[in-house]
Amino acid sequence: MKLRNAVAATLGALALTLSMSGSAFAAEGEFHYTYKEEDGQVREGALSNPANDTCVNLFGVGADEIPAGYGPQNSTDSYVILYLGADCNEDSPTEVLKPEGQRATDDMKVRSVKFTTERPSLRLMPR
């Protein structure tokens, strides 16, 4: 009886694992951006292995009342949607960066981001 319960539990856990969407996992790699602190000091921010399908307000620029970050670079294995507004405001997506090192110009402003393994329907930045 114990063997049967152990096999059933193992098969149940395997089925649950296989049914999980790939989007629940983290993007592998780093995302970089540049921002200025209140004193004018230029800093570089980074996210390492960020979660997919989760909005991230970027450190130092993640509020609408402070200057946005700029010059984002996506060195992860996921697409990243850039938002000019905080909290990934659906009215403010600006661009999508492709995986594996795509960099935007310093004119590209960003406050929040969302990573995804599926290609978004938004306009992609040209490479």
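The basis for the numbers below is simple: all heavy atoms, side chains too, and nothing from hydrogens, waters or symmetry mates.
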Any idea which heavy atoms bring I66 and R111 closest together, and the distance?
O-NH2, 2.7 Å
Tell me, which pairs form a disulfide (SG to SG under 2.5 Å) where one or both residues lie in residues 27-77, sequence neighbours left out?
C55-C88
Step through the shown structure and confirm whether more than 12 heavy atoms of other residues, nucleotides or ligands are within 6.0 Å of CD on E37.
yes
If you look at every heavy atom in K109 and A68, which pair is closest and at what distance?
CB-CB, 3.9 Å
Apply side-chain contact (heavy atoms from CB on, under 4.5 Å) to the pair K98 and Y79, showing each step before the final yes or no.
CA-CA 5 Å; K98 296 176 188 174; Y79 291 91; 4.2 Å; yes
Linked, directly or transitively: F115 and F59 (ILVMFWY side chains, under 4.5 Å)
yes
Which heavy atom of M108 sits nearest a heavy atom of L82, and at what distance?
CG-CD1, 3.8 Å
Given side-chain contact (heavy atoms from CB on, under 4.5 Å), test V80 with V96 step by step and report yes or no.
CA-CA 6 Å; V80 61; V96 174; over 6 Å; no
Is it true that E30 and S48 share a donor-acceptor pair across their side chains at a distance under 3.5 Å?
yes
Does atom CD of E38 have more than 12 heavy-atom neighbours, drawn from other residues, nucleotides or ligands, at distances under 6.0 Å?
no
With side-chain contact (heavy atoms from CB on, under 4.5 Å) as the test, would you mind laying out the steps for Y33 and L58 before giving the verdict?
CA-CA 9 Å; Y33 62 99; L58 298 174; 3.7 Å; yes
Apply side-chain contact (heavy atoms from CB on, under 4.5 Å) to V61 and Y70, showing your working.
CA-CA 9 Å; V61 299; Y70 57 92; over 6 Å; no
Spell out, as yes or no, whether a donor-acceptor pair under 3.5 Å connects the side chain of D77 to the backbone of A27.
no
Hey, are the side chains of H32 and E44 touching, using non-hydrogen atoms and a 4.5 Å cut-off?
yes
Heavy atoms only: give me the nearest G62-A86 pair and the separation to one decimal.
O-CB, 3.3 Å
Could you list the residues that satisfy salt bridge (Lys or Arg N to Asp or Glu O under 4.0 Å) with D107, not counting sequence neighbours?
none
Of all the heavy-atom pairs spanning L97 and A104, show the shortest one and how long it is.
CD2-CB, 4.1 Å
For the residue pair F31 and T76, what are the closest heavy atoms and their distance?
N-CG2, 4.2 Å
Main-chain N/O of G29 paired to N49 side chain as donor or acceptor, under 3.5 Å
yes
Do NZ/NE/NH1/NH2 and the carboxylate oxygens of R103 and D106 come within less than 4.0 Å?
yes
Would you confirm whether N52, through its side chain, and F25, through its main-chain N or O, come within 3.5 Å as a donor-acceptor pair?
yes
